[in-house]
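See below for the structure under consideration.
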Amino acid sequence: MVQVLPSNFVKIDFCSYSMSLIMNLVCRLRIHLDPDYFELHMCKCPGETGSGKTTQIPQYLYEAGIGRQGIIAVTQPRRVAAISLATRVSNEKKTELGKLVGYTVRFEDLSSEETRIKFLTDGMLLREAIGDPLLRKYSVIILDEAHERTIHTDVLFGVVKAALRKRKDLGKFPLKVVIMSATMDVDQFSQYFNRAPVLYLEGRQHPIQIFYTKQPQSDYLQAALVSVFQIHQEAPSSQDILVFLTGQEEIEAMTKTCRDIAKHLPDGCPQMAVMPLYASLPYSQQLRVFQPAPKGYRKVILSTNIAETSITIAGIKYVVDTGMVKAKKYSPESGLEVLAVQRVSKAQAWQRTGRAGPEDSGVCYRLYTEDEFEKFDKMTIPEIQRCNLASVMLQLLALRIPNVLTFDFMSKPSPDAIRAAIEQLDLLGAVDRKEAQVMLTPLGRKMAAFPLEPKFSKTILLSPKFHCTEEILTIVSLLSVDSILYNPPSRRDEVQSVRKKFISSEGDHLTLLNVYRAFRNVSGNKEWCRENFVNNRNMMLVSEVRAQLRDICLKLSLPIESSRSDTGNIRRCLAHSLFMNTAELQPDGTYATVDSNQLVAIHPSSVLFHCKPACVTYNELLHTNKCYMRDLCVVDADWLYDAAPDYFRRKLRAAKN
DNA sequence: GAGCACTGC
């Protein structure tokens with residue numbers, strides 16, 4: 001029998017709440033305009049929050065005749081958003097999608113000569129800018145969801161600002177820029193865009209009651225569990241609960257606990273349908289959260305921050321916010337990415353709160369005290385300050401930015417991070433450094449043509465030398481989508497025995513290649529995927545990525561050969577492009593990286609987990625509980641020395657000192 | 001010896 005603990009919450013009445021916090025709850029729309037923008041006669045946007053502004057403003061601009069000189073672009077951080085918004089606006093205009101209103105995302109371009117309002121992902125617009133830094137096709141660029149501060153949006157801020165100025169200087173028809181965001185923090189945007197005027201629009205938001213805990217909670221999982229069952233015993237069963245947790249493992253464990261407890265609830269209590277939700281969950285299981293629960297059942301969704309922005313679930317009445325999130329940080333000194341559980345920012349907490357009652361009033365339980373909340377960071381640190389910048393720097397160079405070291409970022413990354421990125425590009429042969437200038441090499445320009453991390457572009461460009469471009473294209477494609485291997489924890493033994501036939505003692509790259517070859521041999525048979533615990537959807541994506549990369553190779557006139565059964569050449573090619581990511585076995589059985597002598601371990605997901613090869617290259621280092629190498633390939637130490645003699649001489653000298 | 005937040009080109 002489960003004993004539900006007495007309430008450990010203090011109720012905070014919405015009316016007695018501090019004014020500034022209530023202001024936060026009222027969703028506000030902010031539009032920032034370029035100073036020489038024409039006056040907008042439009043102050044109210046109909047519709048729900050998050051939809052009205054994005055669908056109406058492009059149409060108003062079009063009606064005002066702006067679309068005549070060029071296309072009106074609207075960027076979105078996510079593909080699905082770009083596609084669904086384009087569909088809605090074209091419906092409102094009563095036109096066929098792809099004609100007046102269209103969209104462009106990777107692998108899908110539904111736009112034409114006639115298109116005047118175009119929705120695209122921010123990454124797509126950035127890629128277009130490499131072809132034309134002045135963005136001449138466009139009369140207006142609307143950067144939507146700017147408060148999310150994705151790395152692409154942040155780079156676009158600088159790119160459109162430069163394009164705006166240059167077009168003015170050159171006397172071309174002016175570019176208009178509209179930044180749309182849903183934060184209180186508008187000054188920063190306005191300042192950056194030459195004190196552009198700010199337009200505030202009010203949307204609709206139903207009131208949400210907020211509860212804080214009286215005391216700080218030492219165990220947020222326990223607190224979440226108590227809250228869920230407290231709500232469950234009090235609220236009508238039609239009202240669903242959304243709980244924000246940090247990761248897959250935690251969510252699976254909590255799912256099991258909730259289901260166990262729900263079996264032993266007292267009579268008269270509603271039934272409970274507990275559903276996990278995280279990105280790597282198979283699509284079919286993700287869809288379950290959208291279906292209404294059977295009568296008499298309450299839906300309890302245990303989610304990562306995927307439900308914060310990417311997935312919106314109707315019918316949520318209660319949000320339980322643990323105040324924790326798992327997020328990546330990057331330290332340029334060590335080149336290490338650290339994935340750690342940490343506190344959310346205030347902005348993130350408000351975003352979570354807003355997920356309660358988008359269509360009706362809601363309730364949010366915050367599993368921290370109000371004092372604790374006041375100490376949260378105001379905003380989440382923009383992605384551009386938490387990432388390896390190698391890709392961004394390569395793109396800026398390809399955009400012919402005069403000096404990438406002094407690029408006008410709205411939030412500047414640390415000089416260390418920029419230096420580390422340039423260093424990495426230098427090692428890959430993408431840049432030349434002359435005095436204080438950084439120049440793109442011809443190789444670097446080719447690398448920028450691929451939608452990949454620079455090291456993988458380099459791998460492809462090196463592959464003709466080893467006569468294995470077909471295989472490298474496959475391997476790089478496999479690495480650039482989410483895992484194609486499905487590992488349900490409950491069927492681990494089964495998975496292991498089925499997977500045996502694919503495993504290569506030479507490492508993960510060649511194992512993945514084996515899976516792909518087998519998949520091709522059965523022509524992508526779905527049944528085969530199920531039997532072999534292969535994620536069919538991701539595998540189809542691999543084929544699409546591969547076709548795109550192969551296309552780029554053809555455009556660059558790269559000879560595309562197959563090494564057939566010779567895996568040595570494939571490994572040599574990987575050694576030559578990933579030589580800066582290598583580790584050697586130490587006498588005590590541990591591994592140390594060649595680059596910085598960092599103690600590292602083989603990630604449990606690697607096929608080499610139980611092996612001890614003398615020398616390996618890896619795709620990335622990830623620090624969780626330990627510092628792990630992910631995706632390994634067994635290589636010869638001699639190959640590495642051949643690949644970069646200067647680099648290894650330097651490392652050897654450093655080791656002696 | 002034992003593990004992986006989320007996007008995107």
Does anything in residues 541-553 of chain A reach DNA chain B, meaning a heavy atom under 4.0 Å, and if so which residues? none
Considering only NZ, NE, NH1 and NH2 on the basic side and carboxylate oxygens on the acidic side, decide whether Arg366(A) and Glu372(A) come within less than 4.0 Å. no
Base, backbone or nothing for each nucleotide of nucleotides 2-7 of chain B, written B, S, -, heavy atoms under 4.0 angstrom, 5' to 3'? BBBBSS
Side-chain touch Ser477(A)/Phe456(A), heavy atoms, less than 4.5 angstrom: no
For atom CZ of Phe456(A) and atom P of dC9(B), their distance in whole Å: 18 Å
Could you point out which residue of Asn487(A), Asn532(A), Thr511(A) forms a side chain to side chain donor-acceptor pair (under 3.5 Å) with Arg499(A)? Asn487(A)
Length of the line joining Lys612(A):NZ and dG1(B):C1', which is rounded to integer Å: 8 Å
Using whole Å, what does the distance between atom P of nucleotide dG1(B) and atom CG of Asp588(A) come to? 13 Å
In terms of side-chain heavy atoms, does Ser84(A) have a donor or acceptor partner in Thr87(A) at a distance below 3.5 Å? no
Measure CG/Asp109(A) against P/dC9(B) and give the value in whole Å, please. 12 Å
Determine, for Phe376(A) and Arg343(A), whether the Lys NZ or Arg CZ falls below 6.0 Å from the six-membered ring centre while staying within 45 degrees of the axis. no
Would you sort out whether Glu470(A) and Arg546(A) count as a side-chain contact (heavy atoms from CB on, under 4.5 Å), showing the intermediate values? CA-CA 9 Å; Glu470(A) 291 283 11; Arg546(A) 192 180 188 284; 2.7 Å; yes
Would you call the rings of Phe373(A) and Tyr368(A) parallel, tilted or perpendicular if under 30° counts as parallel and over 60° as perpendicular? parallel
Residues in side chain to side chain donor-acceptor pair (under 3.5 Å) contact with Thr469(A), at least two apart in sequence or another chain: Ser463(A)
Using atom CG of Leu156(A) as one end and atom C1' of dC9(B) as the other, report the distance to the nearest whole Å. 12 Å
